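One structure is given below, encoded as structure tokens.
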Amino acid sequence: MKNFYVTYIFETKEERDGFLAEVRRYAEISRREPGCIRYDYFYPVDWDNRLFLWEQWETAQDQKEHCRKAHFAHIGKLKEKYKAKTEIITEDNN
């Protein structure tokens, strides 16, 4: 199992909320992909301008395939639109 912990950092709470409103439909698509165990967004309690994504995949290859999908490219465009910076931590649970 492969975990990805993604922290999105925005300049404002409004940008964070706009990003989340638009990215939800792509999250639904991602959840239906082969190998996807979890694809969930969370609000950190102490940060109004951050958003946390926990992605969990059966294999690293499943996540690599996810990155090749059209909806993944749309997520990248949303990151640009809302000026999101990202920090990513990965973890293998084999």
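Because the structure is a prediction, the values reported are computed rather than measured.
Two residues are said to be in side-chain contact when any heavy atoms from C-beta on lie closer than 4.5 Å; I37 and M1 meet this criterion. With contacts defined as side-chain heavy-atom distances shorter than 4.5 Å, the pair L53/F42 does not qualify. Using a 4.5 Å heavy-atom threshold, the side chains of H66 and S30 count as touching. When side chains are defined from C-beta on, Y8 does not count as touching R16, because their heavy atoms never get closer than 4.5 Å. Contact check for Y39 versus W57: side-chain heavy atoms found under the 4.5 Å cut-off. Using a 4.5 Å heavy-atom threshold, the side chains of Y5 and N3 count as touching. K79 places a side-chain heavy atom less than 4.5 Å from the side chain of T86.
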Item to complete: Could you give me the CA-CA distance, side-chain angles and deciding distance for T12 and N49, then say whether side-chain contact (heavy atoms from CB on, under 4.5 Å) is met?
Response: CA-CA 5 Å; T12 67; N49 68 329; 6.0 Å; no
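Salt bridge R68/E65: present, at least one basic N to carboxylate O contact under 4.0 Å. A salt bridge does not link K2 to D62: none of the charged nitrogens lies less than 4.0 Å from a carboxylate oxygen. Remark: E28 does not engage R25 in a salt bridge, criterion side-chain N to carboxylate O under 4.0 Å.
Within the model, atoms NZ of K85 and NZ of K83 stand 10.5 Å from one another, a figure rounded to the nearest 0.5 Å. Considering NZ of K13 and OH of Y43, their distance stands at 6.5 Å, rounded to 0.5 Å. From I89, atom CD1 reaches atom CZ of F4 across 12.0 Å, with rounding to the nearest 0.5 Å. To the nearest 0.5 Å, the span separating CD1 on I29 from NE2 on H71 amounts to 6.0 Å. Rounding to the nearest 0.5 Å gives a distance of 9.0 Å between CH2 of W54 and CD of E91. A distance of 6.5 Å separates CZ of F72 from CD of Q63, quoted to the nearest 0.5 Å.
No donor-acceptor pair under 3.5 Å is formed between the side chain of R38 and the backbone N or O of E55.
Checked against the 6.0 Å centroid criterion, the rings of F10 and Y82 do not qualify as a close aromatic pair. Checked against the 6.0 Å centroid threshold, Y41 and F52 do not count as a close aromatic pair.
In terms of hydrophobic clustering, with Ile, Leu, Val, Met, Phe, Trp and Tyr side chains grouped at heavy-atom distances under 4.5 Å, I9 and L51 are assigned to different clusters.
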